[in-house]
There are 2 protein chains.
Amino acid sequence: MSVTIQDVAKAAGVSVGTVSRALNNYADISENTRARIIRTAQELGYHPNLVARSLSTKHPRSIALILSGFLEETIINDFETMLMKGCYQFAFEHGVDISIHVINSAIQRRKSYEQLCYEHNISGAILFGLKTTDPYCEALADSKRPCVTIDTEVKGPHVSNVTLDHIAAFDELTQYLISQGHRRIVLVHGRKEAMVSMERLAGAYQAMERNGLQLTHDRIIYTNFLREEATQGVLDYFKTHAPDDVTAFLCMSDMLAIGVIEALKRLGRRVPQDYSVVGYDGLDVTNYTDPRITTVDQNIKEKGYEAARLLLDMLEGRRQAQRLVLPHILTVKDSVRRIG
Amino acid sequence: MSVTIQDVAKAAGVSVGTVSRALNNYADISENTRARIIRTAQELGYHPNLVARSLSTKHPRSIALILSGFLEETIINDFETMLMKGCYQFAFEHGVDISIHVINSAIQRRKSYEQLCYEHNISGAILFGLKTTDPYCEALADSKRPCVTIDTEVKGPHVSNVTLDHIAAFDELTQYLISQGHRRIVLVHGRKEAMVSMERLAGAYQAMERNGLQLTHDRIIYTNFLREEATQGVLDYFKTHAPDDVTAFLCMSDMLAIGVIEALKRLGRRVPQDYSVVGYDGLDVTNYTDPRITTVDQNIKEKGYEAARLLLDMLEGRRQAQRLVLPHILTVKDSVRRIG
DNA sequence: GCCGGTTCCGAAAACGTTTTCGATTCCGAT
DNA sequence: ATCGGAATCGAAAACGTTTTCGGAACCGGC
């Protein structure tokens with residue numbers, strides 16, 4: 001069907017091994033034959049079968065992007081896509097090939113991490129969407145295979161983390177609200193058990209405390225990161241609280257901010273004239289809402305790029321496992337009004 | 001490292017071939033040994049190495065999702081993600097494994113379609129984002145490998161298309177505007193050369209003509225599907241046209257509609273009170289804009305699901321190559337006002 | 001002309017499967 | 001008892017690479 005390495009070998013009058021070494025830049029080939037082999041390979045339109053290579057080689061440059069929870073409905077699409085873009089960007093620039101694998105918690109229980117890697121000849125992986133309770137977290141720590149987790153804290157001799165300082169970022173976001181004169185702040189909280197929620201909560205506490213404010217329990221609206229819950233939560237909130245009980249809503253995600261704005265609109269209030277709202281994530285959609293939402297950009301595309309770079313460096317022994325903290329970006333838009 | 005088929009064979013006291021046949025439901029195995037082999041395989045935690053299988057087998061159940069233009073900035077993320085979700089949904093339900101490959105026009109020129117498939121042992125592919133001028137279009141038509149294109153019309157003995165009737169859909173969208181009393185309609189056009197644009201244009205013409213209206217050239221704003229161009233286009237339009245020259249904007253994509261609304265807001269006009277706007281695609285973001293945008297839902301997730309189903313059916317000989325037209329859904333929201 | 005050391009390349013093993021082919025066993029029928 | 005054929009399984013080729021090992025050829029130096 002297609003042209004294999006033996007076709008090239010035959011055409012060039014050498015053995016398959018020689019062709020392989022010539023094309024893979026081995027040293028023990030005379031420049032003469034190397035050039036000839038490269039030429040005939042080009043003439044025949046030869047490209048190596050990556051599957052066969054993957055099966056054979058001991059040092060494959062093939063890395064995997066493993067997405068957990070991708071199929072769940074609550075998941076924001078933009079994250080995965082941006083991540084993919086970042087990874088592929090790096091992959092294109094450096095000639096590595098990336099495979100994508102979609103899993104969930106159930107699959108993790110059925111098939112071990114090592115098995116998954118073994119099945120697909122994965123030499124190193126980037127993992128996204130892992131919950132701290134997921135089976136793979138332990139597996140990563142024990143594995144000899146280098147890997148990079150994104151936004152999930154896992155420790156192990158061969159596991160790196162790419163993340164950003166969510167505590168500092170949420171602190172900064174909170175501080176921004178305060179600096180704009182807001183004192184009565186309601187926190188719209190994500191899933192209680194989620195690590196990402198807890199970090200952001202810590203950041204909020206930190207900033208409030210520093211400014212002599214306190215975050216009382218009745219000023220927190222709990223959600224599961226679902227937009228509708230934020231809407232309902234705000235509607236409920238005003239049933240038991242006076243309108244001027246709050247001036248700003250501090251949301252743990254952009255989607256929650258959208259939900260909050262929706263509720264405020266239903267109540268006939270305007271943003272940011274009557275209430276200020278901030279989000280977190282930096283989704284594209286925050287540019288298209290009315291008003292555009294002030295948020296913290298997680299810079300997820302760069303996370304993907306840096307994760308891929310870090311993983312390749314680990315695979316090729318240039319870098320140790322490490323925790324890589326990327327900068328976040330407070331993006332001021334139109335959903336906050338200066339008051340007081 | 002991991003447990004291979006020979007480990008199972010040794011443990012069960014049979015040959016590797018027997019293990020393979022036992023696990024793959026071949027007939028010529030006594031139920032006795034089959035049960036024993038399955039049991040030991042389970043005990044050892046054996047999972048087949050899919051790479052090796054892919055290299056060896058003649059009838060692989062592995063299909064690929066090939067995304068072209070994924071890295072380009074103008075691309076809407078939601079499309080690819082939704083498509084992936086649909087494909088994976090089907091894959092999970094039917095135990096096939098999907099690999100994702102990201103390409104662009106440049107890669108298409110450098111590496112042939114057959115080569116790409118050969119490299120990754122792809123037995124059948126779903127292709128998205130293909131332009132009619134792309135090299136792969138011809139390649140698909142000539143290939144013996146079954147494939148499914150999404151929204152790109154390609155004819156060939158083994159190529160199916162999954163699409164929706166864009167002409168009818170845009171006709172319906174236009175008709176809806178007209179039925180709401182709109183007579184003076186401006187069309188916000190996508191990339192002129194793109195097939196998708198031409199189909200939508202045809203639908204608009206068709207509906208206008210049926211209602212005794214005409215779509216004059218000066219009533220068309222051309223863009224490259226970029227939001228900013230739509231904004232600028234509308235701003236420019238009103239420099240040379242009176243405000244009441246138009247009552248509705250008919251946009252070829254949701255992003256263009258967002259751009260139009262942005263322009264109208266800048267001009268101090270309200271939607272839908274002063275002008276009506278409709279989009280096309282059914283992106284999630286149309287639910288979060290203000291107002292929510294009336295649009296045609298392309299139902300892209302189902303496209304992915306159906307494409308995967310169709311491809312597997314073709315691979316296993318249950319269905320011929322065909323053109324599959326999925327239903328579209330006119331989703332009426334808040335961006336159109338009834339007038340007249 | 002012989003020898004030690006490079007330089008270059010071919011032969012073949014290895015990766016883990018699937019699948020063909022043929023060999024063995026077993027059984028009932030002749 | 002012999003045979004035909006079915007049932008069951010083992011041996012080995014095949015998939016297309018990479019990589020190890022060793023052998024040939026060549027070289028300069030003695």
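The shown structure was predicted, so the numbers you read here are calculated from the model rather than taken from an experiment.
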**Study point:** Heavy-atom side-chain contact between B:K301 and B:Q89 under 4.5 Å
**Key:** yes

Review point. Side-chain N or O of B:S15 less than 4.0 angstrom from OP1 or OP2 on D:dG10?
Key: yes

Review point. Any side-chain N or O of A:N49 under 4.0 Å from OP1/OP2 of D:dC15?
Key: no

Practice item. Could you please name the option among D:dT18, C:dT17, D:dT17 that lies closest to any side-chain atom of A:Y46? Key: D:dT17

Point to revise | Integer-rounded Å distance: C:dC26 C1' and B:D28 CG | key: 16 Å

Review point. Rounded to the Å, how far apart are B:L55 CG and C:dT19 P?
Key: 12 Å

Check your understanding: Is B:K131 salt-bridged to B:E193, cutoff N-O under 4.0 Å?
Key -> no

Practice item. Figure out the CD1/P separation between B:I5 and C:dG16, and round it to whole Å. Key: 11 Å

Check your understanding: Would one find a side-chain N or O of A:T57 under 4.0 angstrom from OP1 or OP2 of D:dT19?
Key -> yes

Check your understanding: When we call it a touch if two heavy atoms are under 4.0 Å apart, what does B:S30 touch: a base, just sugar-phosphate, or nothing?
Key -> sugar-phosphate

Point to revise | Residue A:Y26, side-chain atoms from C-beta onward, closest of C:dC8, D:dT19, D:dC9 | key: D:dT19

Practice item. Please check the phosphate of D:dC9 (OP1 and OP2 only) for any side-chain N or O of B:T33 closer than 4.0 Å. Key: yes

Review point. Given D:dG16, is OP1 or OP2 found less than 4.0 Å from the side-chain N or O atoms of A:S56?
Key: no

Check your understanding: Can you check the A:Q6 CD to D:dC15 C1' distance for me, whole Å?
Key -> 9 Å

Check your understanding: Is there a side-chain polar atom (N or O) of B:N121 under 4.0 Å from OP1 or OP2 of D:dC15?
Key -> no

Review point. Is A:E114 reaching over with its side chain to a backbone N or O of A:S112, donor-acceptor style, under 3.5 angstrom?
Key: no

Practice item. Measure up the A:H120 and A:H101 rings against each other and bin them: parallel (under 30°), tilted (30 to 60°), perpendicular (over 60°). Key: tilted

Point to revise | D:dC15 OP1/OP2 closer than 4.0 Å to side-chain N/O of A:T4 | key: no

Point to revise | Spacing of A:N32 atom CG relative to C:dC8 atom P, expressed in whole Å | key: 10 Å

**Study point:** Short side-chain N/O contact from A:Y118 to OP1 or OP2 of C:dT17, under 4.0 Å
**Key:** yes

Exercise for review: Nearest whole angstrom, please: distance from the P of D:dT19 to the CG of A:N25.
Suggested key: 13 Å

Revision key, fill the gap. Taken to the nearest whole Å, NZ/B:K10 to C1'/D:dG10 is 16 Å

Practice item. Please check the phosphate of C:dC9 (OP1 and OP2 only) for any side-chain N or O of A:T18 closer than 4.0 Å. Key: no

Study note, to complete from the structure: Whichever of B:A52 and A:R21 has the more 5' nearest nucleotide on DNA chain D, that residue is B:A52

Check your understanding: Roughly, in whole Å, what's the span from CG in B:L23 to C1' in C:dT18?
Key -> 12 Å

Check your understanding: With under 30° as parallel and over 60° as perpendicular, where do the rings of A:F79 and A:F128 fit, or are they tilted in between?
Key -> tilted

Exercise for review: Just call it for A:V51: base, sugar-phosphate, or nothing, with non-hydrogen atoms closer than 4.0 Å on any strand.
Suggested key: nothing

Check your understanding: Any ion pair linking B:R53 and A:E119 (charged N to carboxylate O, less than 4.0 Å)?
Key -> no

